[in-house]
Amino acid sequence: MDAPFDLPQARIGWVCNWLVPELKEKEAKAFNLRDTTVAALLRLDLVARVDKLLDLVAHNAAALGRQVALTAALPPGQRAMRIASHAWPCYTHPATRPLYDEPALRAAIEELFPPIGEAAVAGDVRLSTHPGQYCVLTSAREEVLRSSVDEVEYHVELFRLLGLAGSWHPRGTHVNIHGGARAPGIDAFRAGMSRLSEAARNLLTVENDEVAYGLGDLLPLAGEVAMVLDLHHHWVATGEYIEPDDWRVATVAASWRGVRPMSHVSAPREELVGATQDLPDRAALLAAGVSARDLRAHAPRLWNGPHADWARRHLAWSDLEVEAKDKNLASAAFAAG
DNA sequence: GAGGGTCAAGTCCGT
DNA sequence: ACGGACTTGACCCTC
């Protein structure tokens, strides 16, 4: 409740991967975070496991530092990015989590990450994360709920080391998840939230999806958690091009309590819609035999002019993360358009 | 270096 | 009841 409107600048953000088409694949790796698998780690002996994680965490800190610097160098209206979730690989799996108690690994993390947060603040970069599909705060299964809480708290710990946790969405920082399982209902989300730390509840956001929890399903939570409006998910679910002056948008905006909201935008694949530059018509596409499932897929770019113009109007009240296969290239093109 | 198999996890939908 | 999709690759291993 304390935060002023601390980010007046409208921003277009990019997500997870920084593409550099002119570089060879190997060189481009320096710009992005690496990962490993639990199975691969467990095939190693104990010393090699820690060594491997040390190597990956050092690489990821360097890559994240580069990404923050690149984003800080963009015009003010493009200084927003989503951090890939594998900054600390395998951190939340029970079989590999204890490796992170090794003093050398812990020390490396505590040394390498705080300066990145300082650079983000100094460079006016808004940061977010988006835990994946396995993070389900509404799950009726205790073990799933527990691992989901662990997953959220991992992202919060990352932001704590970056100096961006502790109050309500500092500088717009957020950890964004979906509602999750439909059957347990919205009260299960409240129950899941009650298992989170206060720091986590201050960073959490909840985003509408196409299947389980749409915009209307989430609105009752607006007084309890900040809401991310995914414009594409809402279109896939309803066919509606929701407008910035809609009352539901006002409710979503108010859920951020004075911090500038974040919303998501993406476009359906061009080959499903055809060569037209008209606004894609969901009902007509479905009638023509296109499946709702296919409409969910993200196009490489925001390729449709009227669609991009509609999305751009939402910058009046919210920042926008562009979810597109071309990543930062799509965000930059959208910002330039 | 290339190619093919592997990868922790949940939920929903179609068959 | 079961397999595939979602996300969408990137990594790992063998040759």
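Here is the naming used below: chain letters follow the sequence lines, and residue numbers restart at 1 for every chain.
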Q.
Are more than 12 heavy atoms, taken from residues, nucleotides or ligands other than A:E22, located less than 6.0 Å from that residue's CD atom?
A. yes
For [X] and [N], what is the distance between atoms [atom1] and [atom2] respectively, to the nearest whole Å?
{"X": "A:D294", "N": "C:dT8", "atom1": "CG", "atom2": "P", "answer": "15 Å"}
{"X": "A:W18", "N": "C:dG9", "atom1": "CH2", "atom2": "C1'", "answer": "20 Å"}
{"X": "A:R82", "N": "C:dT8", "atom1": "CZ", "atom2": "P", "answer": "9 Å"}
{"X": "A:K325", "N": "C:dC6", "atom1": "NZ", "atom2": "P", "answer": "10 Å"}
{"X": "A:L137", "N": "B:dT11", "atom1": "CG", "atom2": "P", "answer": "11 Å"}
{"X": "A:K26", "N": "C:dC11", "atom1": "NZ", "atom2": "P", "answer": "13 Å"}
{"X": "A:Q133", "N": "C:dT8", "atom1": "CD", "atom2": "P", "answer": "10 Å"}
{"X": "A:R269", "N": "C:dT7", "atom1": "CZ", "atom2": "P", "answer": "11 Å"}

**Q.** Nearest-nucleotide comparison on DNA chain C, the residue closer to the 5′ end among A:R293 and A:H298
**A.** A:R293
**Q.** Among A:N208, A:N176, A:L229, A:V322, side chain to side chain contact (heavy atoms under 4.5 Å, CB included) partner for A:H264
**A.**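 That would be A:N176.
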Any idea which of [options] is nearest the [X] side chain?
{"X": "A:R43", "options": "C:dC12, B:dC13, B:dA8", "result": "C:dC12"}
{"X": "A:S139", "options": "B:dA8, C:dC6, B:dT11", "result": "B:dT11"}
{"X": "A:H93", "options": "B:dA8, B:dT11, C:dT8", "result": "B:dA8"}
{"X": "A:R296", "options": "C:dC12, B:dT11, C:dC6", "result": "C:dC6"}
{"X": "A:A40", "options": "C:dC6, C:dC12, B:dT11", "result": "C:dC12"}
{"X": "A:D35", "options": "B:dC12, C:dC11, C:dC6", "result": "C:dC11"}
{"X": "A:A39", "options": "B:dC7, C:dC11, C:dA5", "result": "B:dC7"}

Using atom [atom1] of each nucleotide, how far apart are [N] and [M] to the nearest Å?
{"N": "C:dG4", "M": "B:dG5", "atom1": "P", "result": "15 Å"}
{"N": "B:dG10", "M": "C:dG9", "atom1": "P", "result": "23 Å"}
{"N": "C:dT8", "M": "B:dG4", "atom1": "P", "result": "24 Å"}
{"N": "B:dT6", "M": "C:dT7", "atom1": "P", "result": "24 Å"}

Can you tell me if [X] touches the phosphate of [N], counting only side-chain N or O atoms and a distance under 4.0 Å to OP1 or OP2?
{"X": "A:R141", "N": "B:dA9", "result": "no"}
{"X": "A:N17", "N": "C:dA10", "result": "yes"}
{"X": "A:K52", "N": "C:dC12", "result": "yes"}
{"X": "A:T36", "N": "C:dC12", "result": "yes"}

Q: Kindly state whether the ring of A:H155 and the ring of A:H174 have centres lying under 6.0 angstrom apart.
A: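 When the ring centroids of A:H155 and A:H174 are compared, they turn out to be at least 6.0 Å apart.
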Q. Would the A:H314 and A:W310 ring centres measure less than 6.0 Å apart?
A. yes
Q. Does A:R248 come within less than 4.0 Å of A:E240, counting only side-chain N to carboxylate O?
A. yes
Q | Ion pair A:D187/A:R190, N-O distance below 4.0 Å | A |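 Salt bridge between A:D187 and A:R190, a charged N being under 4.0 Å from a carboxylate O: yes.
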Within the 3.5 Å criterion, strictly below it, is a donor on [X] or [Y] matched to an acceptor on the partner's side chain?
{"X": "A:W14", "Y": "A:T71", "result": "yes"}
{"X": "A:Q67", "Y": "A:N32", "result": "yes"}
{"X": "A:E321", "Y": "A:S128", "result": "yes"}

Q) List DNA chain C stems (3 or more consecutive Watson-Crick/G-U pairs, under 3.5 Å)? A)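 Correct response: B:1-7 with C:9-15, B:10-15 with C:1-6.
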Q: Could you identify which residues of residues 176-189 of chain A place a heavy atom less than 4.0 Å from some atom of DNA chain C, listed by residue number, or say none?
A: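 DNA chain C contact set from residues 176-189 of chain A: none.
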Q | Polar side-chain contact A:T92-B:dA9 base: donor and acceptor under 3.5 Å | A |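 It does not, because no donor-acceptor pair links the side chain of A:T92 to the base of B:dA9 below 3.5 Å.
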Q: Determine yes or no for a side-chain-to-main-chain donor-acceptor pair under 3.5 angstrom, with A:S148 supplying the side chain and A:V144 the backbone.
A: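 A pair under 3.5 Å: yes.
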(Q) Test of understanding: with ring pair (Phe, Tyr, Trp, His ring centres under 6.0 Å), list the residues that count as partners of A:W88, not counting sequence neighbours. (A)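 Here the qualifying residues are A:Y91, A:F113, A:Y154.
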Q) Is the aromatic ring of A:Y134 within stacking range of B:dG10, meaning centres under 5.5 angstrom and planes under 30 degrees? A) no
